[in-house]
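See structure below.
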Amino acid sequence: MSASSRYDVLFAPVRIGPKTAANRFYGLPYALGPGMDQDVERAAAHYAVRAEGGWAVVTCGECTFTEDTRWLGLSLASDEEAAAMARLPEAIHEHGALASLELSHPGAIGNGLDLRVPVLAPSQLQFDAAFFGRTIPKAMELAEIRQVQDAYVAAAIRARDIGFDMVNVYGGHSNLFMQFLSPFYNQRTDAYGGTFANRARMWLETIERVREAIGDDCAVVARIAVDALGPAGVDLDEALGFIRAADHLVDLWDLVVGALDNSRVDLTPSRAYPEGYALEWTGKVKAHTAKPVAANGRLTSADLMADLVRNGVVDMVAGARPGIAEPFLPEKIRSGRFLDIAECIGCNQCAQRGFVGSIGCVQNPTAGEERRRGWHPERFDEVDADELAVLVVGGGPAGLECATVLGRRGFGIVHLVDARPALGGHLEWFSRLPGFRPWARAIELRTQRIERLPNVSIELGRRLGAATVLGYEASVVVVATGAAWAPDGLLWATHAPIAGADPALPHVLSAEALMVEGKPIPGRRVVVVDGEGELVGAALAQHLVAEGHDVAVVTPWPVLAIHAEHGGEAPILRRELLEAGAVIHAGLVPVAVDRDGVTCLDEIGREVRNPLRRRGARDAARLAG
Ligand code: SF4
């Protein structure tokens with residue numbers, strides 16, 4: 001049991017069909033990124049650390065299972081792929097956890113650009129999320145429905161045969177089963193469309209057949225979005241109706257909310273969604289099922305988790321991000337190591353990276369590097385020469401993490417020095433922008449850890465040069481000073497500075513001049529340039545709106561904060577800016593600035609002067625993309 005009886009309820013076993021989970025921590029699947037999907041040993045090492053940290057269930061996926069849907073994530077379309085994937089349950093079992101696999105058919109979300117075959121969906125309707133939905137799908141014929149169901153069962157059998165304990169018949173996030181259930185995506189007039197019973201048929205039949213095939217050996221889980229919170233999905237009433245209809249076939253319900261067209265509701269970035277946001281919907285399910293339920297919501301508070309289980313709101317606390325940030329969350333709660341918990345800050349950098357590279361985490365730099373670099377969140381190679389001194393220059397997140405790890409490794413003395421009077425680097429001021437306060441936890445966590453390390457010393461307000469660096473007589477010097485925004489406006493779009501952008505002038509300010517040096521803005525009207533496409537430009541604009549300025553944001557990218565799209569922050573920031581009266585100009589390249597304003601070029605090189613004109617709401621919304 002746990003160090004405090006208050007949390008014992010989280011460590012009671014729970015029966016899930018033919019399996020028993022050792023405690024109430026249910027690890028959800030998430031995108032590991034193409035880099036790890038193609039390297040099963042890397043993925044296995046990542047999942048193994050989560051199992052080692054005490055999660056009773058570790059879910060892998062998503063995993064497609066037909067040749068024509070193999071496009072993102074794992075694939076179990078052949079015996080060869082199954083043989084390779086066997087390493088995943090094996091690695092999870094080594095630490096005593098149950099291994100679950102989320103089997104997925106993307107339906108209209110898929111693309112046929114690799115195999116050049118039609119994408120299959122209930123009806124011939126393009127998907128509604130811009131970053132998917134590229135292909136017009138083919139409405140499935142009855143034979144194709146049978147083929148997909150047959151393939152699903154074959155994949156479930158493969159999953160069982162390679163050692164998975166649980167198979168998740170996935171119907172969340174707008175995939176094929178939710179498309180069948182959706183009154184919008186399903187326009188069929190046969191036995192699989194029209195009434196609720198008909199729309200539910202595809203998923204029900206599949207769960208039934210999976211249960212028949214593997215139900216004696218494996219737990220059958222269904223993941224359902226209990227409210228898509230959008231016009232094209234399934235609402236709470238119909239989702240509860242489905243849960244009642246399928247309850248006899250399912251061993252556990254895995255509950256989420258949202259759909260891909262509004263994925264921010266599922267991703268719940270912390271500046272817009274509090275911990276447990278989804279419970280407003282998922283908390284209503286228990287009254288409609290006799291089976292255990294697992295529900296998520298970036299749950300990081302042990303007290304809240306214990307209350308949810310104790311009060312019968314959920315049976316298992318589900319988590320993706322909380323376990324990425326802190327794989328040892330269950331073990332640290334059990335043993336009372338609360339101060340050392342790396343709490344997920346809801347920044348969604350993991351989601352951003354899971355689409356394009358491989359997973360990473362602001363709070364847990366070891367995530368994704370468990371095998372390639374041999375990193376572990378709790379184990380550190382002890383240094384042989386423990387008398388060595390190390391100097392870390394720069395107290396931003398990277399310098400703080402570096403000093404923490406070197407301190408834990410046992411170096412004689414680790415000097416962490418920063419020129420500014422506060423730790424945190426850019427993140428210190430960024431977390432003071434509207435809504436980003438939770439991000440400061442990344443600084444606080446490391447600072448608290450360093451405070452417990454007697455061999456790490458911190459010096460603030462000291463700018464080092466070559467001579468002063470030598471004065472530390474350090475054997476190793478780590479430069480963690482990061483980068484600064486170009487004060488002259490150097491842009492990728494022109495490969496040149498913005499003419500007239502002299503930072504010495506009163507009307508030209510960099511991000512640091514504004515937020516660190518406190519340089520005043522000599523007027524009411526401001527143009528913010530979002531050159532990099534991350535969050536900083538949009539967040540600064542929001543700060544300036546809150547300070548009472550008339551703000552226009554100009555970005556050469558086709559949409560403001562384009563690289564923050566997958567984390568769910570960007571659409572929220574754009575909406576908030578527009579609602580606050582700011583103007584967003586996407587696809588404009590700023591080329592010159594003077595005392596009277598800014599000159600930009602549009603896509604075909606026409607000059608646009610001073611794009612700070614308040615527009616009607618419709619124009620503004622159009623420009624925001
Ligand atoms: Fe949480 Fe951010 Fe880490 Fe993702 S990257 S798990 S949101 S702290």
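Hydrogens, waters and symmetry mates are skipped; everything else that's a heavy atom, side chains included, is used. Here, residue 1 is the first one in the sequence, and each next residue gets the next number. Quick caveat: nothing in here was measured; it's all calculated off a predicted structure. Read the numbers this way: they start at 1 and go in the same order the structure lists the ligands and their atoms.
- Of all the atoms in ligand 1, the ones that sit under 4.0 Å from a non-hydrogen atom of V362 are 3 (Fe), 5 (S).
- Protein heavy atom in closest approach to atom 6 (S) of ligand 1: R321 O, 3.4 Å.
- Near N348, meaning under 4.0 Å from any of its heavy atoms, are these atoms of ligand 1: 2 (Fe), 7 (S).
- Put simply, the residue from I92, V57, L98 that forms a side-chain contact (heavy atoms from CB on, under 4.5 Å) with D165 is L98.
- In this structure, atom 3 (Fe) of ligand 1 lies nearest to the protein heavy atom C361 SG, 2.3 Å.
- Side-chain atoms of R42 and S358 form a donor-acceptor pair, as typed in the model, at a separation below 3.5 Å.
- Aromatic ring orientation, Y7 versus F338: tilted (interplanar angle from 30° to 60°).
- If you number the atoms of ligand 1 from 1 as listed, the ones under 4.0 Å from a heavy atom of I345 come out as 1 (Fe), 8 (S).
- Every atom of ligand 1 is numbered from 1 in the order shown, and the set under 4.0 Å from a heavy atom of Q363 is 8 (S).
- With G319, C344, C347 as candidates, the residue nearest to atom 2 (Fe) of ligand 1 on a non-hydrogen basis is C347.
- Note that the CD atom of E52 and the CZ atom of R379 stand 4.5 Å from one another [nearest 0.5 Å].
- Taking 2.8 Å as the criterion, C350 does not count as a coordinating residue of atom 1 (Fe) of ligand 1, since none of its N, O or S atoms falls below it.
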